[in-house]
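Have a look at the structure below before the remarks.
Whatever order the structure lists ligands and atoms in, that order sets their numbers, starting from 1. In this chain, residues are counted from 1 in sequence order. Nothing here was measured: the structure is a model prediction, and the numbers come from that model.
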Amino acid sequence: MSIQVLVGTGDQALSTQLRTMIAELAEVQLLGVENNSTDLLGIVSTHHEVDIVLLDENIGPQPGHDLIRDIALRTPHVAVVLVSEQLGEEVLSRALEVGARGVLGRSPSLEELSARLDTVAEWSRRMRDLLGTGRAAGPELGGRRGRVIALAGAKGGTGATTIAVQLALGAARAGRSVCLVDMDLQTGDVATYLDMVHRRSVADLVGVASEITGAVLADVLFIHEAGPHVLLAPQEGERAEDVTSSAARQILGVLRSRYEVIIVDCGAFMTEGSVTAIEIADRAVITVTPDLPCLRAAKRMSHLWRRLDVRKPEDVSIVLTRQSRKNEIQPDFAARILGMTPLRTTVPPAFRALEKAVNNGAPIRVEHDGFRTAMRQLGEELGVLPVAAAEPRGGPKKAKAEAV
Ligand SMILES: Nc1ncnc2c1ncn2[C@@H]1O[C@H](COP(=O)(O)OP(=O)(O)OP(=O)(O)O)[C@@H](O)[C@H]1O
Ligand SMILES: [Mg+2]
């Protein structure tokens, strides 16, 4: 399906240049050029086929940024790309703040234009899905409830975020609609792991928690190119307190009605928001490294949840991370210390592969067979991935632990 673009500019030279370039892009169709903000807004509101607006910042009479805000409010699936003289970080961040999806210079190369249109068209397509015509939208879950998996770290740095991100990517790859929620409200770093920039967060849903519509969600969520929709933690840690237990319950309830899988990264420090996620989750998982202090921390955490009436220890799952045969503590010993049996799947150490994936901003490419196998098995064990029909003859390939 071609990408439908509307151009908004009163500048004749820019109009001609964009027309000429768009004519060269086979996948892109120019719907028209509007030379003032009033006509442009009218066309966008009434022509539902518009995917992208290329908007000259100098369009009048309404200032460009106000117009972007109006377009985002009326038609949240339309991706606005601001065409600007200047391309600094300040210009970009101001444009993103009012709802644009990007900024383009006034004389882009054909490659630049093509790449930008491709990226934002994909965003627009997913946004249309979310708003009601695609698989991520609420109605076609048809009253079914999505599966909530909450992950918490027994201590900081035990791999909770890594696993949350990988499970979300894996579920999306398997064709499931998935929302990844960063409920590590003070120190959440899902955005870094997914190499994404987005200003809206779960805290922005608090004030409207009782009336979250598709459009409100669409405004706050980030749609990652690999599939998962992402609800970030607030950038300002002090806003963690805004996410009360009842707000978290309402927000997760709405997500549950719209997604098949909801993965919640709860971090290692409990807040009202994260405790609520633990309480309502179908599976609550503590990530634990195989060392005594961490095992004891996991035990303390699960006992705390029991005392707070959040969850019974027998209803808590433990996943051992960075587990290899070289460790002194093996799963059966860990089980004795914990007083509960860890999950069958253990996650091998994959230091270099993970470091590379994070540093390259490519979470989807973790070049470590053992780690990838573990993520698949964990996804199956937690019910976020369909269980593979049959193992190859001779049983599953052993997860190869990376030498440390
Ligand atoms: N299986 C693993 N093998 C090796 N390194 C790992 C593994 N899992 C995670 N790491 C690394 O450990 C560090 C911490 O991981 P991660 O951020 O996922 O932990 P966390 O529990 O979310 O920490 P935080 O408490 O900061 O939220 C990262 O550098 C990550 O790449
Ligand atoms: Mg984390």
message: Is there a polar contact between ligand 1 and Ala160, counting only N or O atoms under 3.5 Å apart?
response: yes

message: Is there a polar contact between ligand 1 and Leu354, counting only N or O atoms under 3.5 Å apart?
response: no

Pro348 touching ligand 1 at heavy-atom level, < 4.0 angstrom: yes

Backbone or side-chain N or O of Tyr193 under 3.5 Å from ligand 1 N or O: yes

- prompt: Judging by distance only, is a nitrogen or oxygen of Ala350 under 3.5 angstrom from one on ligand 1?
  reply: yes

- request: Would you mind running through ligand 1 and noting each atom that sits below 4.0 Å from a heavy atom of Thr162?
  value: 9 (C), 15 (O), 16 (P), 18 (O), 30 (C)

- line: Here the pair of heavy atoms bringing Pro348 nearest to His368 is CG-CE1, 4.3 Å

message: Counting only heavy atoms not in Glu314 (residues, nucleotides, ligands), do more than 12 fall under 6.0 Å from its CD?
response: yes

field: Close side-chain approach of Leu217 to His229, heavy-atom, < 4.5 Å
entry: no

query: Which atoms of ligand 1 are found less than 4.0 Å from any heavy atom of Thr161?
result: 18 (O), 20 (P), 22 (O), 27 (O)

query: Are the side chain of Glu381 and the backbone N or O of Thr345 linked by a donor-acceptor pair below 3.5 Å?
result: yes

query: What atoms of ligand 1 come closer than 4.0 angstrom to any heavy atom of Pro349?
result: 3 (N)

field: Carboxylate-amine/guanidinium proximity below 4.0 Å for Arg256 and Asp282
entry: yes

- prompt: Quick check: does Gly267 get an N/O under 3.5 Å from an N/O on ligand 1?
  reply: no

- prompt: Is there a nitrogen or oxygen of Gly159 sitting under 3.5 Å from a nitrogen or oxygen of ligand 1?
  reply: yes

- line: The atoms of ligand 1 lying under 4.0 Å from a heavy atom of Thr158, numbered in the order shown, are 19 (O), 20 (P), 21 (O)

query: Which option, His368, Gln323, Arg322, Glu355, owns the non-hydrogen atom nearest atom 13 (C) of ligand 1?
result: Arg322

task: Just need the protein heavy atom nearest to atom 5 (N) of ligand 1, so name the residue and atom and give the distance.
output: Phe351 CD2, 3.5 Å

- request: Determine the minimum heavy-atom distance between Glu380 and Pro386, stating which atoms define it.
  value: CG-O, 3.7 Å

- prompt: For the residue pair Met301 and Ala152, what are the closest heavy atoms and their distance?
  reply: SD-CB, 4.2 Å

field: ligand 1 contacted by Thr321 (non-hydrogen, < 4.0 Å)
entry: no

Val347 and ligand 1 - part of the residue with a heavy-atom distance under 4.0 Å: side chain

message: Can you confirm whether Arg94 is buried at CZ, in the sense that more than 12 heavy atoms of other residues, nucleotides or ligands lie under 6.0 Å from that atom?
response: no

field: More than 12 heavy atoms of other groups within 6.0 Å of Gln86 CD
entry: no

Proximal ligand 1 atoms for Gly157, defined as those under 4.0 Å from one of its heavy atoms: 14 (C), 19 (O), 20 (P), 21 (O), 23 (O), 24 (P), 25 (O)

message: Tell me the closest heavy-atom pair linking Val254 and Ser257, and the distance in Å.
response: O-OG, 2.7 Å

- prompt: Going by atom types alone, do Thr9 and Asp11 pair a side-chain donor with an acceptor below 3.5 Å?
  reply: no

- prompt: Between Asp189 and ligand 1, does any nitrogen or oxygen pair lie at a separation below 3.5 Å?
  reply: no

statement: Per-atom filter on ligand 1: closer than 4.0 angstrom to a heavy atom of Asp184 are 27 (O)

- request: Might you work through the salt bridge (Lys or Arg N to Asp or Glu O under 4.0 Å) test for Arg125 and Glu122, ending with a clear yes or no?
  value: CA-CA 5 Å; Arg125 195 183 59 73; Glu122 174 62 15; 2.9 Å; yes

field: Donor-acceptor pair, side chain of Ser274 and main chain of Met270, under 3.5 angstrom
entry: no

statement: Per-atom filter on ligand 1: closer than 4.0 angstrom to a heavy atom of Gly156 are 25 (O)

- prompt: Are any non-hydrogen side-chain atoms of Val98 and Leu82 less than 4.5 angstrom apart?
  reply: no

message: Short of 2.8 Å from the Mg ion (ligand 2), name each protein N/O/S atom, waters not counted.
response: Thr161 OG1

Report all side-chain donor-acceptor pairs from residues 234-245 shorter than 3.5 Å, counting only partners two or more places apart or in another chain.
from   : atom 1 : to     : atom 2 : distance (Å)
Arg239 : NH2    : Asp204 : OD1    : 3.4
Thr244 : OG1    : Ala247 : N      : 3.2
Ser245 : OG     : Thr276 : OG1    : 3.1

